[in-house]
Undergrad: 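Let me give you the structure first, and then I'll get to my questions.
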Amino acid sequence: MVTPYIPTLIGIMSSLFSLLPDLLPMIMPSEVHITKASDLEAQRSGKDAAMIRQGAVIGKSDRMCATVMIAKPHCSSAVHHHGEQETIIFAARGKGMQHELSAGDFAFVPPWTEHQEINETDEDVVWVLIRSGPEPVVVWLTGWGGDEAKAD
């Protein structure tokens, strides 16, 4: 025979489990992670490359990551997309991109959207990229609407 308290206890436990994602940050110790500008590491290509990508916050969250990209004067990236990741771009310095961004502007790049970074000026352009994944995904293409290309 099941006592009348068992279904009530199961209901209470079920309610608590649904609150677990909200309660865990309050229970589990956490800390703010700081990445100093001097500690940014190149993800792809060296410091002499035309497009320098630096990991800022990588692998600290399963939902988002951040990188800094520096585009040297008169250069462009290959056409690419970021797979399933959404991307927010903040133009920190300079003017550029496929769609012109000036310092202080934001751009949102939906998943699978082909685009290209372009710097046609005489100065470095700096963008801060926030993506919806733990690590940045970049799928290089052979051109607009082209096949996947080997990363350079």
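Treat the numbers as computed from the prediction; the structure is a model and nothing was measured.
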Undergrad: Using the side chain to side chain contact (heavy atoms under 4.5 Å, CB included) criterion, which residues pair with E86? Sequence neighbours excluded.
TA: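 E86 satisfies side chain to side chain contact (heavy atoms under 4.5 Å, CB included) with F108, P111, S132 once adjacent residues are dropped.
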Undergrad: About how many Å separate CG of L129 and CZ of F90, when rounded to the nearest 0.5 Å?
TA: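 Between F90 CZ and L129 CG, I get 12.0 Å after rounding to 0.5 Å.
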Undergrad: Checking T67 side chain against R53 main chain: does a donor-acceptor pair fall under 3.5 Å?
TA: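 The answer is no, because no donor-acceptor pair under 3.5 Å joins these two groups.
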Undergrad: To the nearest 0.5 Å, how far apart are CD in E117 and CE in M51?
TA: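 Between atom CD of E117 and atom CE of M51 there are 5.5 Å.
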Undergrad: With hydrophobic residues grouped by side-chain heavy-atom distances under 4.5 Å, do V139 and W144 end up in a single group?
TA: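 V139 and W144: one cluster.
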Undergrad: Do the non-hydrogen side-chain atoms of E84 and V137 ever get within less than 4.5 Å of each other?
TA: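 A side-chain contact under 4.5 Å is absent here.
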Undergrad: If you look at every heavy atom in L101 and A91, which pair is closest and at what distance?
TA: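 Minimum heavy-atom contact is CB-CB, 4.0 Å.
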Undergrad: Quick check: closest heavy atoms across P136 and C65, and the distance to 0.1 Å?
TA: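 Where P136 meets C65 most closely, the heavy atoms are N-SG, 3.5 Å.
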Undergrad: Please check if V109 and F106 belong to a single hydrophobic cluster, counting links between Ile, Leu, Val, Met, Phe, Trp and Tyr side chain heavy atoms closer than 4.5 Å.
TA: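 No; F106 is not reachable from V109 via cluster members.
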Undergrad: Taking Q85 for the side chain and E135 for the main chain, is one N or O donor matched with an acceptor at less than 3.5 Å?
TA: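 Yes; at least one donor-acceptor contact below 3.5 Å.
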Undergrad: Using the test side-chain hydrogen bond (donor to acceptor under 3.5 Å, both in side chains), find all partners of T121 that sit at least two apart in sequence or belong to another chain.
TA: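 Per chain and number, T121 pairs via side-chain hydrogen bond (donor to acceptor under 3.5 Å, both in side chains) with N119.
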Undergrad: D124: which residues meet the side chain to side chain contact (heavy atoms under 4.5 Å, CB included) condition with it, sequence neighbours left out?
TA: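 Listed in chain order: I70, K72, P73, R93.
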Undergrad: Output the distance between atom CD1 (I88) and atom CZ (R131), rounded to the nearest 0.5 Å.
TA: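 Here the interatomic distance stands at 12.0 Å.
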Undergrad: Could you walk me through whether H81 and H115 satisfy the side-chain hydrogen bond (donor to acceptor under 3.5 Å, both in side chains) test, starting with their C-alpha distance in whole Å, then the side-chain angles of each, then the deciding distance to 0.1 Å, before giving a yes or no?
TA: CA-CA 6 Å; H81 62 74; H115 61 284; over 6 Å; no
Undergrad: Let me confirm one number: the CD1-SG distance from I118 to C75, rounded to the nearest 0.5 Å.
TA: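 Those atoms lie 9.5 Å apart.
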Undergrad: Donor-acceptor pair, distance only, cut-off 3.5 Å: does the side chain of T35 make one with the backbone of V57?
TA: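 Here the side-chain-to-backbone pair does not exist.
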Undergrad: So do H74 and D122 actually touch side chain to side chain, heavy atoms under 4.5 Å?
TA: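 They are in side-chain contact.
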Undergrad: Would you name the heavy atoms of A92 and V128 that are closest together and state the gap between them?
TA: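 Nearest heavy atoms, A92 then V128: CB-CG2, 4.4 Å.
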Undergrad: Nearest 0.5 Å, please: how far is CE in M69 from CD1 in I52?
TA: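 Here the rounded value is 10.0 Å.
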